[in-house]
Every structure is written in structure tokens, then in C-alpha cells.
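Every chain is numbered from 1 and lettered A, B, ... according to where its sequence line falls, protein lines coming before strand lines. Note that the structure is a prediction, hence the values are computed from the model and not measured.
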Number of protein chains: 2
Amino acid sequence: MNTRFSVATHILVILHCQDGKPVSSDVIAQSVNTHPALIRRILTQLSRAGLTQSQLGAGGGALLARPGSTITLRDVYDAVDEDGDLLGVHPGPNPDCPVGRNIQQTLRGEISEAVNALRIQLSQKTIAALAGDILALS
Amino acid sequence: MNTRFSVATHILVILHCQDGKPVSSDVIAQSVNTHPALIRRILTQLSRAGLTQSQLGAGGGALLARPGSTITLRDVYDAVDEDGDLLGVHPGPNPDCPVGRNIQQTLRGEISEAVNALRIQLSQKTIAALAGDILALS
DNA sequence: ATAAATGTAACAAAAATAGTAACAATAAGA
DNA sequence: TCTTATTGTTACTATTTTTGTTACATTTAT
């Protein structure tokens with residue numbers, strides 16, 4: 001089970017709650033319950049997508065690159081699931097069969113539209129709003 | 001990469017094109033370019049979902065349990081991705097952290113809504129229509 | 001200087017997925 | 001009735017993906 005989206009969202013919510021103050025991968029890892037290196041790996045993806053930035057050296061850590069109210073779950077999805085292969089198409093169908101010859105291309109189109117519908121739904125929720133929902137449960 | 005949805009769709013398109021005539025897992029496997037046992041495994045899921053039925057014995061095989069015009073890609077998705085864990089939630093976040101304590105529940109809700117948007121999009125396409133699209137490319 | 005971080009690479013472990021073989025049960029047809 | 005073709009299912013192996021773990025050069029605050 002791929003949980004990068006979930007962990008990435010967790011990271012961003014933490015950073016939002018500590019807005020401004022850098023948070024180390026070690027502290028984040030304790031909340032997520034995993035290892036700092038995994039957190040740093042995902043932070044690399046988030047940073048590449050322009051969602052976070054990091055400060056090197058003692059007292060350093062990660063922080064949001066822009067307000068949590070401007071980051072949606074769709075941004076998170078796009079940052080970590082770069083390939084967009086939620087639903088994969090099987091490789092190598094028989095080209096001598098009229099179905100096998102063209103099903104990949106056709107299915108890719110349908111899957112692409114479906115995943116886009118998922119992304120649009122994800123874009124309805126910001127990190128700030130999600131953080132509010134989460135903290136309201138405590 | 002999980003390709004069960006893709007293979008299941010392939011199977012149903014084949015059955016639609018041979019409507020009425022049972023097709024053996026061997027013949028289907030040749031078009032998909034995989035092994036009959038995998039086809040039979042997926043056919044078991046499709047059969048449980050009421051989309052196909054099989055005839056035992058010589059000359060047997062699988063056929064659609066209802067017209068391809070009444071089966072949508074959402075039916076296929078629901079049949080094969082029974083767990084609905086397209087986007088998994090990471091296990092075991094720290095319950096002593098306000099975020100870790102409640103993020104799973106909140107994220108599951110968001111993911112569920114997003115996957116539902118994907119399912120609604122998939123429900124717009126029937127096997128019959130997809131078969132038409134595919135054969136139009138030949 | 002020292003200590004605390006990141007970023008990244010390398011590798012091990014675990015989990016998920018697909019490939020393969022085998023066989024009892026079933027049904028059609030000679 | 002015998003033979004043959006086929007399913008449904010199990011067990012096992014191989015491959016791929018994902019996560020866990022360690023290590024270390026580099027950077028920066030104190």
C-alpha cells in the first residue's frame with residue numbers, strides 16, 4: 001500500500017501548525033511514526049513542487065513555502081504521485097487482436113479522466129482547512 | 001503496478017464482442033498476453049460481482065451475465081478493487097500528537113470522497129461504449 | 001570548534017503483484 | 001461410457017514496489 005500521499009499530507013499539516021518555525025525531520029517522524037530519512041525523502045518531493053522549503057544546519061528544518069490556505073490536497077497528490085499511475089494499464093496485450101491492439105490507448109484516456117475527477121475533488125480541501133478539521137476532533 | 005482493473009476491463013470487452021458465445025480463459029489470456037490462471041482469478045471476482053458467469057466443462061468458458069450496455073467501468077472498479085485502498089492512509093501515527101491522533105479518520109473521509117468522484121466519472125462509460133471506441137480505432 | 005540538521009545514496013526487509021504449475025470437479029461429445 | 005476440454009482453486013515462485021535502516025558529506029547556528 002502506497003502511503004506517500006498520506007504521509008505528505010501529515011507533514012504539511014504539522015508544518016502548518018508550527019507556521020514559521022522550522023521543524024526537523026526527526027520531530028515529524030515521531031508524529032508520523034516512521035523514520036526521519038523517509039520524511040526527508042518526501043520533503044524533497046514537496047520542496048521540488050514548491051510546497052515546502054528547508055533550512056540546513058543546526059536549528060534547521062522544514063517549513064511551508066506558502067500559506068497552508070493556498071495548498072490543496074490536489075497539490076499534495078501531484079507532488080508525490082508524480083507518475084499518476086493510480087490505475088495502471090496492463091502491458092503487452094496482443095496486437096493481433098482488435099481489442100488488444102487498441103485497448104491501452106482507450107483505457108488510458110478513461111483512466112486519465114477519472115483520475116482528474118479525483119484531483120478536482122481533492123482540490124476542494126486546503127491544508128489549513130484539513131488542519132482545522134483534525135484539531136476540531138481533539 | 002496494479003493492473004487488475006485494466007485486465008478486468010479487457011476481459012469484459014472481449015466477452016462483449018463475443019456476446020453469447022462462451023470464451024475460454026485460454027483464449028482471453030492470449031489477447032491479454034498473460035496466463036489463463038490469472039484470467040480465471042479475475043473472472044472469479046467479476047462473477048462474484050454479477051458481471052459474468054462461467055460454464056464448466058468442454059466447450060465452456062465465460063460470458064457476460066448482463067448486456068455490456070448495462071455494465072460501467074465503475075462496476076468493474078468496484079468488482080476488482082474491493083478494498084478501495086487506491087490512496088492508503090499510513091498506519092500507526094503517534095496518538096500523543098494532536099495531529100497524529102486524528103489524521104487517519106479525517107484523511108479517510110477526504111480520500112473516500114475523492115475516490116467516489118473517480119467512481120462517478122467511471123460510471124459514465126459502459127463496456128459497450130468502450131468496445132465501440134476501441135474497435136473504431138482499428 | 002561543536003553540535004544539529006539536511007540531502008542523498010546504498011542496501012535490507014517487507015509487502016504487494018504477477019507468473020506458473022497442478023489437480024479435482026464438471027460437462028460436452030464421440 | 002470414455003475421452004477431452006474447461007473451470008475453480010490452491011500452492012508456490014518470481015518480480016516489483018514500498019518502506020525501513022544506516023551512513024556520511026555538507027551546511028549552519030551557537
Side-chain angles (χ1 to χ4, degrees), chain A residues 1-8 10-11 14-15 18 21-30 32-49 51-63 65 80-93, chain B residues 1-8 10-11 14-15 18 21-30 32-49 51-65 79-93:
Chain A
M1 187 175 41
N2 187 331
T3 60
R4 273 175 301 172
F5 170 75
S6 176
V7 172
H10 191 147
I11 293 173
I14 298 249
L15 297 187
Q18 306 284 332
K21 232 192 307 180
V23 187
S24 76
S25 61
D26 211 42
V27 168
I28 299 172
Q30 280 176 24
V32 174
N33 192 24
T34 182
H35 300 267
L38 174 61
I39 298 297
R40 294 201 291 270
R41 249 184 274 176
I42 294 177
L43 275 171
T44 299
Q45 294 185 287
L46 295 176
S47 163
R48 265 204 291 266
L51 306 184
T52 65
Q53 57 189 85
S54 292
Q55 289 180 2
L56 285 179
L63 27 76
V80 298
D81 274 284
E82 291 146 331
D83 309 344
D85 57 353
L86 266 194
L87 289 173
V89 174
H90 59 291
Chain B
M1 185 175 42
N2 186 332
T3 60
R4 274 175 302 173
F5 169 75
S6 176
V7 172
H10 191 147
I11 293 173
I14 298 251
L15 297 187
Q18 307 284 332
K21 232 191 308 181
V23 186
S24 75
S25 60
D26 211 42
V27 167
I28 299 173
Q30 280 177 24
V32 174
N33 192 22
T34 182
H35 300 267
L38 174 61
I39 299 296
R40 293 201 291 268
R41 250 183 276 178
I42 293 177
L43 275 171
T44 299
Q45 295 184 287
L46 295 175
S47 163
R48 265 204 289 268
L51 306 184
T52 65
Q53 56 189 85
S54 291
Q55 289 181 3
L56 286 179
L63 28 75
L64 293 185
V80 298
D81 275 284
E82 291 145 332
D83 310 343
D85 57 353
L86 263 194
L87 289 173
V89 174
H90 59 291

Nucleotides 27-30 of chain C: which of its N/O atoms have a protein N/O under 3.5 Å away?
| residue | atom | partner | partner atom | Å |
| --- | --- | --- | --- | --- |
| C:dA28 | O4' | B:A58 | O | 3.4 |

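Checking D:dG8, C:dA18, C:dT6 against the side-chain heavy atoms of B:R4 singles out C:dA18 as nearest. Checking D:dT19, C:dA22, C:dT8 against every side-chain atom of B:R40, the shortest atom distance belongs to C:dA22. Relative to the side chain of B:N2, the nucleotides D:dT19, D:dT7, C:dA18 differ in distance, and C:dA18 lies closest.
Contact between the side-chain N/O atoms of B:S54 and the OP1/OP2 oxygens of D:dT6 is not found at any separation under 4.0 Å.
As a whole-Å value, the separation of A:H90 NE2 from D:dT16 P is 18 Å. A straight line from CD1 of B:I28 to C1' of D:dT7 spans 12 Å, rounded to a whole angstrom. Regarding B:I39, its CD1 atom lies at a distance of 15 Å from the C1' atom of D:dT6, rounded to whole Å. Counting to the nearest Å, the C1' atom of C:dA16 and the CZ atom of B:F5 are 20 Å from each other.
Smallest separation of non-hydrogen atoms from B:G88 and A:S6: O-CB, 3.3 Å. Contact detail for A:I14 and A:I28: the closest heavy-atom pair is CG2-CG1, 4.5 Å.
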Test side chain to side chain contact (heavy atoms under 4.5 Å, CB included) on A:L63 and A:Q53; report intermediate values, then the result.
CA-CA 6 Å; A:L63 27 76; A:Q53 57 189 85; 3.2 Å; yes

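Partners of B:R48 under the side-chain contact (heavy atoms from CB on, under 4.5 Å) rule, at least two apart in sequence or in another chain, are B:T44, B:Q45, B:E82. The side-chain contact (heavy atoms from CB on, under 4.5 Å) test applied to B:D81 returns A:L87, B:N2, B:R4, B:F5, B:Y77, not counting sequence neighbours.
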